[in-house]
Amino acid sequence: QPLQLHVFGAAAQDGAAKPAILLLHGGGWRYGSASWMFDSARRFADAGMVAISVEYRLARDELTPIEAYLDTCEALHWTRQQADKFGIDADRIAAYGVSAGGHLAALAATRGCEQGGGQLGNGGPDLLMLWSPAVDMENDGWFQKLLQGRAEAAEYSPLSQLDGSTPPVLIVQGEQDTLTPARGAKAYCEAVRAQDARCEMHLYPGVGHLLTRNLEQQERDFDPDPEMVREARGHLMEFLRKHGYVQDSEKS
């Protein structure tokens, strides 16, 4: 199955290598498209990064989230292999994942990727940003079902796979989220900090998945709080600025 990576942003005119960011869409591992992340990719590209929206295999028929994780690792490897072509700094590659995409980004960071590379040498991202992420898979019956008996959920759970080599993390989370509960994000952040890594969490009260105000139906009919979304996007840009990935936080 051919997969596409959609690249936004041009190489710097002075020839200097630019940071990159890989974007991974949500959709419960079974739905979604790389196009869902195009608006975010444009924002990051406008801030001076090379932004890459990732297409990954969806969990249908015999496919499982394992394939999506492998595709995420392959996208990271491809980006580092193509660094010279796109003017990318191969040791400054961030990952930004939403919902199920947050699981894939976090798993690549904590479990790592076999190809190696990056600042931590495990092939994962060098910086991690998560929005309503699925990170505690041992308590996610839907995820275990999608694995189709090929593995136990703990083997592909970012929370269970933390090994002390996690990059700096930022999490945006709705406190009333019923799909990817806040307790999992809190536990993940606490575990990252316990291993002397950095985790910054922004917990928004009164909203659910993807910061929706529609608490009764959090799988669709999203009604994200616009002020909270604006603020959270500002936190993403400030996090990138703080770690040297963008130069001007006002470009958010």
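As the structure is a computational prediction, the values presented were derived from the model and not from experiment.
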message: Is the ring pair Trp131/Tyr96 parallel, tilted or perpendicular, if the boundaries are 30 and 60 degrees?
response: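 Rings of Trp131 and Tyr96: perpendicular, as their planes differ by over 60°.
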- prompt: When the ring planes of Tyr56 and His25 are compared, do they come out parallel, tilted or perpendicular, using 30° and 60° as the limits?
  reply: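 Parallel, since the angle between the ring planes stays under 30°.
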Whether the side chain of [X] engages the backbone of [Y] through a donor-acceptor N/O pair (distance < 3.5 Å, no angle test) should be reported.
X	Y	result
Gln119	Gly121	no
Arg60	Arg30	yes
Ser165	Thr110	no
Glu55	Gln4	yes
Gln144	Ala153	yes

What is the distance from atom [atom1] of [X] to atom [atom2] of [Y], rounded to the nearest 0.5 Å?
X	Y	atom1	atom2	result
Leu120	Thr166	CG	OG1	7.5 Å
Ile88	Lys18	CD1	NZ	9.0 Å
Leu240	Arg92	CG	CZ	11.0 Å
Tyr69	Leu107	OH	CG	5.5 Å
Asp221	Glu216	CG	CD	12.0 Å
Glu238	His243	CD	NE2	9.5 Å

Would you say that [X] contacts [Y] through its side chain, given a criterion of any heavy-atom pair below 4.5 Å between the two side chains?
X	Y	answer
Leu203	Lys186	yes
Leu23	Phe38	no
Pro224	Leu210	no
Asp177	Gln218	yes
Leu147	Ile66	yes

Group every Ile, Leu, Val, Met, Phe, Trp and Tyr by side-chain heavy-atom contacts under 4.5 Å, then state whether [X] and [Y] land in the same group.
X	Y	result
Met137	Leu70	yes
Val229	Trp36	no
Leu76	Val50	yes
Leu127	Ile21	yes
Leu24	Phe8	no

On a heavy-atom basis, which atom in [X] and which in [Y] lie closest, and how many Å separate them?
X	Y	answer
Pro167	Ala109	CD-CB, 3.9 Å
Ala185	Ile171	O-CD1, 3.9 Å
Met237	Arg43	CE-O, 3.6 Å
Ala17	Asp89	CB-N, 3.6 Å
Gly27	Ala100	N-CB, 4.4 Å
Leu130	Gly102	CD2-O, 3.5 Å

- prompt: Does the ring centre of His235 sit less than 6.0 Å away from the ring centre of Phe239?
  reply: no
message: Under the rule for salt bridge (Lys or Arg N to Asp or Glu O under 4.0 Å), what residues qualify as partners of Arg80, not counting sequence neighbours?
response: Asp126
Are side-chain N/O atoms of [X] and [Y] paired as donor and acceptor at under 3.5 Å?
X	Y	value
Asn214	Thr212	no
Thr79	Gln82	no
Ser160	Glu138	yes
Gln161	Glu155	no

Pair Arg241-Gln247, side-chain contact (heavy atoms from CB on, under 4.5 Å): steps then yes or no: CA-CA 6 Å; Arg241 185 203 61 78; Gln247 299 302 315; over 6 Å; no
- prompt: After noting the C-alpha distance and the side-chain angles of Gln173 and Tyr204, does the key distance pass the side-chain contact (heavy atoms from CB on, under 4.5 Å) rule?
  reply: CA-CA 6 Å; Gln173 177 72 41; Tyr204 288 88; over 6 Å; no
message: Please determine whether salt bridge (Lys or Arg N to Asp or Glu O under 4.0 Å) holds for the pair Glu67 and Arg150, giving the CA-CA distance in whole Å, both sets of side-chain angles, and the decisive distance to 0.1 Å.
response: CA-CA 11 Å; Glu67 279 72 34; Arg150 288 176 51 187; 2.9 Å; yes
Within residues 167-237 or reaching into it, pairs that qualify as disulfide (SG to SG under 2.5 Å) - sequence neighbours excluded: Cys189-Cys199
field: Salt-bridge present (Lys242, Glu200; N to O < 4.0 Å)
entry: yes
query: Under a 4.0 Å N-O cut-off, is there an ion pair linking Glu227 with Arg230?
result: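 Yes, Glu227 and Arg230 are salt-bridged.
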Taking [atom1] in [X] as the centre, count heavy atoms belonging to other residues, nucleotides or ligands within less than 6.0 Å. Is the count above 12?
X	atom1	value
Arg183	CZ	no
Arg198	CZ	no
Gln148	CD	yes

message: Checking Met37 against Val98 for the side-chain contact (heavy atoms from CB on, under 4.5 Å) test, could you report, in this order, the C-alpha distance in whole Å, the side-chain angles of both residues, the deciding distance, and whether it holds?
response: CA-CA 9 Å; Met37 302 298 280; Val98 175; 3.7 Å; yes
task: Show your working on salt bridge (Lys or Arg N to Asp or Glu O under 4.0 Å) between Arg42 and Asp39 and close with a plain yes or no.
output: CA-CA 5 Å; Arg42 293 185 184 100; Asp39 286 346; 3.1 Å; yes
- request: Report the C-alpha separation of Thr178 and His209 in whole Å, then their side-chain angles, then the decisive distance to 0.1 Å, and conclude whether the side-chain hydrogen bond (donor to acceptor under 3.5 Å, both in side chains) test is met.
  value: CA-CA 7 Å; Thr178 57; His209 196 59; over 6 Å; no
- request: Determine, step by step, whether Trp78 and Leu5 satisfy the side-chain contact (heavy atoms from CB on, under 4.5 Å) criterion, reporting the C-alpha distance in whole Å, the side-chain angles of both residues, the deciding distance to 0.1 Å, and the verdict.
  value: CA-CA 9 Å; Trp78 180 91; Leu5 299 174; 3.2 Å; yes
Given Tyr156, Trp142, Trp29, the one that forms ring pair (Phe, Tyr, Trp, His ring centres under 6.0 Å) with His103: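 The residue from Tyr156, Trp142, Trp29 that satisfies ring pair (Phe, Tyr, Trp, His ring centres under 6.0 Å) with His103 turns out to be Trp29.
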task: List for me each residue that meets side-chain hydrogen bond (donor to acceptor under 3.5 Å, both in side chains) alongside Asp140, sequence neighbours excluded, and say none if there are none.
output: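 By the side-chain hydrogen bond (donor to acceptor under 3.5 Å, both in side chains) rule, Asp140 matches no residue at all.
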